[in-house]
Amino acid sequence: MNATAPFALAAAGLIGLGLYGMLAQSSVLRKVIAFNLLGVGVFLVFGVVARRGAAAGLPADPVPQAMVITGLVVAFAATALALVLTLRLHQSTGAVTLAEDPEASTPPAKSGASAE
């Protein structure tokens, strides 16, 4: 087991937890946290890939590091926007979950006349 294997396993775990949270949770705030976990896992994958390339004797590549730094800035902005939208959702509806539309869950009523 080399030095990057624990980081790769941690990245896979974070991505798995993030995907599970995005799919299984109904609370918007928990979905935002799961989205951040998913992003951290992807950033860690970029770090592992860059480290493995440097360990193999290849010249240092600054592109993965630049992508992670840019991704952190974008993730911070997306998290701030999601939290503001969640706050606005709470102010307008009083809840922080995305409920299904009750009209969409009921089938449309059949009309008496048929077009046949």
**Check: L29 and L83 side chains under 4.5 Å, non-hydrogen atoms** = yes
**Prompt:** Is a side-chain N or O of S92 found less than 3.5 angstrom from the main chain of L89, in a donor-acceptor match?
**Reply:** yes
**Message:** For residues 23-33, which residue pairs pass the side-chain hydrogen bond (donor to acceptor under 3.5 Å, both in side chains) check, not counting sequence neighbours?
**Reply:** Q25-R30
**Request:** Check A75 against N36 and note the closest heavy-atom contact, atom names and distance.
**Result:** O-OD1, 4.5 Å
**Request:** Could you tell me the separation between the CG atom of L19 and the CZ atom of F35, rounded to the nearest 0.5 Å?
**Result:** 11.0 Å
**Request:** Report the distance from atom CG of L72 to atom CE of M67, rounding to the nearest 0.5 Å.
**Result:** 12.0 Å
**Asked** Which heavy-atom pair separates F7 from V48 by the least distance, and what is that distance?
**Response** CB-CG2, 3.6 Å
**Request:** Please answer: with hydrophobic residues joined when any side-chain heavy atoms are less than 4.5 Å apart, are V40 and M22 in the same cluster?
**Result:** no
**Message:** Working to the nearest 0.5 angstrom, can you tell me the gap between L17 CG and I33 CD1?
**Reply:** 12.5 Å
**Message:** Name the residue from L38, V45, V42, L37 that meets the side-chain contact (heavy atoms from CB on, under 4.5 Å) definition with L14.
**Reply:** L37
**Item:** Same cluster (ILVMFWY, side-chain, under 4.5 Å), V84 and F76
**Value:** no
